[in-house]
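All chains are named by letter (A, B, ...) in the order of the sequence lines, taking the proteins before the strands, and each is independently numbered beginning at 1.
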Amino acid sequence: MLQLKVIRDDKNRIVNGLRKRGWSVQQTKVINSILETDDRRRSTQKELDDLLAENKILSKQIGQLMGQGKTGEAEALKTRVAGIKEQAKQLEDQFAEVKKQLDDLLYSVPNCPHKSVPKGKTPDDNKIAKAWDKPFPSLPPDALPHWELAKKYNLFDFELGVKLTGAGFPVYRGKGAKLQRALIQFFLDEAIKAGFEEVIPPLLVNEDTARGTGQLPDKEAQMYTCERDNLYLIPTAEVPVTNILRDEILPEKSLPVKMTAYTPCFRREAGAWGAHVRGLNRVHQFDKIEIVQVEHPDRSYQTLQQMVRHVGKLLQKLELPYRILLLCGGDMGFASAKTFDFEVWSAAQQRWLEVSSVSNFETFQSNRMQLRFRDAEGKIQLAHTLNGSALALARVVAALLENNQTPEGIRIPKALHRYTGFKVIV
RNA sequence: GGAGGAGUGCCAGAGUGGUUGAAUGGAGCGGUCUUGAAAACCGCCGUACUCGUAAGGGUACCGGGGGUUCGAAUCCCUCCUCCUCCGCCA
């Protein structure tokens, strides 16, 4: 969530940022409510603190009087304290209520977009940061979409997934399964080469963790829950991995912290289904390699570019046509300050598929998580958090299969040969 | 799942109702000494919110939440976690 201090000191910037996300002037009034609520919170706290301070002093006096055996005087003080306690109790309730109001308001406000983020409401307003300037693969007229190819070559099976679980849970098999494993291994190796430490986090997380990265309360409906145990299935490795550093104060020299993780991701995608989401385009469970960085605020945008380059290199090695979008304010995720999306060209479907999203969250997540570092002067500051998919498998597989289909079978890009052990799927 | 024990600052570890935000030791930082280093000695060394231009105050926090009390790290309830033993098990 946004820092109160920033809202207070830099209100106009925040309001303008929300406007960039497509908020109406009316909607941005919430910022005023936040400031008013915070004023109430502060005055209530002051009142309460003063009262508690008085209580404390009197209590000490009672202790001394008791020690001296002056029970009468002590009793007199006790009655005075009783009144203060009554008052304090009321103020405490009041304070808790104001605090909750304030938190609810703060949780309802998304991150403020970076100044370089274009204004806009829908994907149409996104800017193309890097277009594909080479020819697209030309496919034979009888080219098949990946869900047909999957049947033809027995690579994965949606019907079987329905039997076992439900729609959107594919079963990969044979070379399809091997291809999954090859991609996972390839992406992890590339990340490790780029200096990321591999971690294998839990796939189920608790409430605090889900709140830390902003899944709660904003995106609750997106997650599968285990209500009995009050746990959530992770929608992305970002959630457990970033939270590894929750409530930490890092030495400045340990920045940047670079971590990578392969995990399956679980997404309910409630209400998101339609004709355009066939096959692997959208599924409830998919595999993804995530890269996460915790960085010094001065360097985070440099680091964002670095991560973008890393993802670009992966797609080049996979020989996939891709483009990079700079998301507009309205299309960005709730917690993000700046996001680049990667899309690969799916030749048989004749459309772009999103395969990666690389974002800088600045202090939005670290503020919730209390993820901080001690700077050169010994002062404690919130760190910046960043993450990106490098990469999400399902759609990469879709594009890979479609773009590389030939009459002789599906050609596997060279970079993967050592991982798959085969060069073509026949 | 059953029985017992324990959770205190960066770490180790005192503290069982009164001036304790917390002894002591270690680590770390600064200094004295030294050609340099080590040793020795001296000093500093929690976080959040809040009042204040500042100096400097106030409040909260000893696993989480709640309670008893004028007063709780210390007593009670509850949850979580860890350890030991038993059971079960990939």
Side-chain angles (χ1 to χ4, degrees), chain A residues 1-9 34-107 200-212 216 226-232 240 243-255 257 363-383:
Chain A
M1 63 185 140
L2 292 173
Q3 298 171 76
L4 260 173
K5 197 161 68 73
V6 172
I7 297 178
R8 230 183 283 138
D9 298 345
I34 286 175
L35 291 177
E36 284 159 22
T37 310
D38 186 44
D39 285 344
R40 269 198 293 143
R41 183 199 115 248
R42 279 196 281 177
S43 61
T44 311
Q45 180 174 349
K46 180 86 178 76
E47 222 179 314
L48 177 61
D49 284 357
D50 289 347
L51 213 54
L52 289 175
E54 199 184 339
N55 190 12
K56 216 172 175 178
I57 291 165
L58 290 176
S59 292
K60 277 181 190 170
Q61 286 176 4
I62 291 173
Q64 283 166 349
L65 289 171
M66 298 286 266
Q68 293 160 15
K70 300 178 181 167
T71 43
E73 287 174 52
E75 286 304 321
L77 273 186
K78 277 192 196 180
T79 40
R80 249 181 84 191
V81 170
I84 293 174
K85 267 197 80 178
E86 188 61 32
Q87 230 181 319
K89 182 83 190 129
Q90 276 178 25
L91 271 173
E92 254 167 43
D93 293 346
Q94 211 177 315
F95 180 75
E97 203 190 308
V98 176
K99 185 78 172 55
K100 182 169 187 317
Q101 279 173 19
L102 182 62
D103 285 345
D104 287 349
L105 286 172
L106 281 171
Y107 277 131
I200 301 180
L203 306 182
L204 289 157
V205 295
N206 61 29
E207 231 176 288
D208 286 342
T209 300
R211 189 175 304 107
L216 288 180
C226 303
E227 271 173 45
R228 222 173 128 171
D229 299 292
N230 205 16
L231 297 173
Y232 301 84
N243 272 280
I244 286 174
L245 295 169
R246 188 176 76 221
D247 288 320
E248 295 282 339
I249 300 173
L250 305 164
E252 180 171 341
K253 61 176 181 289
S254 73
L255 299 178
V257 179
T363 61
F364 195 84
Q365 294 182 328
S366 59
N367 187 34
R368 284 193 185 189
M369 271 190 279
Q370 289 298 292
L371 195 182
R372 295 158 294 168
F373 70 97
R374 202 179 293 277
D375 67 20
E377 285 95 65
K379 270 179 57 187
I380 290 168
Q381 296 188 43
L382 292 171

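- For the pair A:Gln370 CD and B:G46 P, the interatomic distance rounds to 18 Å; values are reported in whole Å.
- The side chain of A:Asp50 has B:G58 as its nearest neighbour among B:G67, B:G58, B:U19.
- When Watson-Crick and G-U wobble pairs are counted only if both distances are under 3.5 Å, B:G71 pairs with no nucleotide at all.
- Remark: A:Lys46 does not engage A:Asp49 in a salt bridge, criterion side-chain N to carboxylate O under 4.0 Å.
- Relative to the side chain of A:Lys46, the nucleotides B:G18, B:C49, B:C51 differ in distance, and B:C51 lies closest.
- Base-pair partner of B:U59: B:A48 (Watson-Crick or G-U wobble, both distances under 3.5 Å).
- Nucleotide B:A54 has no partner under the Watson-Crick or G-U criteria, as no pair reaches both atom distances under 3.5 Å.
- Taking side-chain N and O atoms only, A:Lys56 has a distance below 4.0 Å to OP1 or OP2 of B:A60.
- Residue contacts shown for A:Ile84 are absent, as no nucleic acid heavy atom lies under 4.0 Å away.
- The gap from the C1' atom of B:G21 to that of B:G46 amounts to 8 Å, rounded to the nearest Å.
- In the set B:C70, B:A48, B:U50, the nucleotide with an atom closest to the side chain of A:Asn55 is B:C70.
- Proximity note for A:Ala53 (side chain, C-beta onward) versus B:U50, B:U59, B:A48: the nearest is B:U59.
- Shown here, B:C29 forms a base pair with B:G43; the pair counts as Watson-Crick or G-U wobble because both key distances fall under 3.5 Å.
- Of all nucleotides listed (B:C70, B:A48, B:G67), B:C70 comes nearest to the side chain of A:Val81.
- Atom P of nucleotide B:C10 and atom CZ of A:Arg374 are separated by 10 Å, given to the nearest angstrom.
- Side chain to side chain, A:Gln101 and A:Arg40 meet the donor-acceptor criterion of an N or O pair below 3.5 Å.
- Counting non-hydrogen atoms under 4.0 angstrom, A:Gln64 reaches a base of the nucleic acid.
- Considering only the side chain of A:Arg8, B:U50 comes nearest among B:C70, B:G58, B:U50.
- Taking 4.0 angstrom as the limit, A:Arg42 places a side-chain polar atom (N or O) nearer than this to OP1 or OP2 of B:C51.
- Under the Watson-Crick and G-U wobble criteria, each requiring two contacts below 3.5 Å, nucleotide B:G4 is paired to B:C83.
- Both distances falling under 3.5 Å, in either a Watson-Crick or a G-U wobble arrangement, occur for no nucleotide opposite B:A90.
- The side chain of A:Lys85 approaches B:G71 more closely than any other nucleotide in the set B:U50, B:G71, B:G67.
- Atom C1' of B:C76 sits at a distance of 32 Å from the matching atom of B:G87, rounded to the whole Å.
- Nucleic acid contact for A:Ile62: base, since at least one base atom lies under 4.0 Å from a heavy atom of the residue.
- Here the closest heavy-atom approach between residue A:Tyr232 and residue A:Ala210 is recorded as CD1-CB, 4.3 Å.
- Among the heavy atoms of the strands, none lies under 4.0 Å from A:Arg80.
- Under the 4.0 Å criterion applied to side-chain N and carboxylate O atoms, A:Glu86 and A:Lys89 are not assigned as salt-bridge partners.
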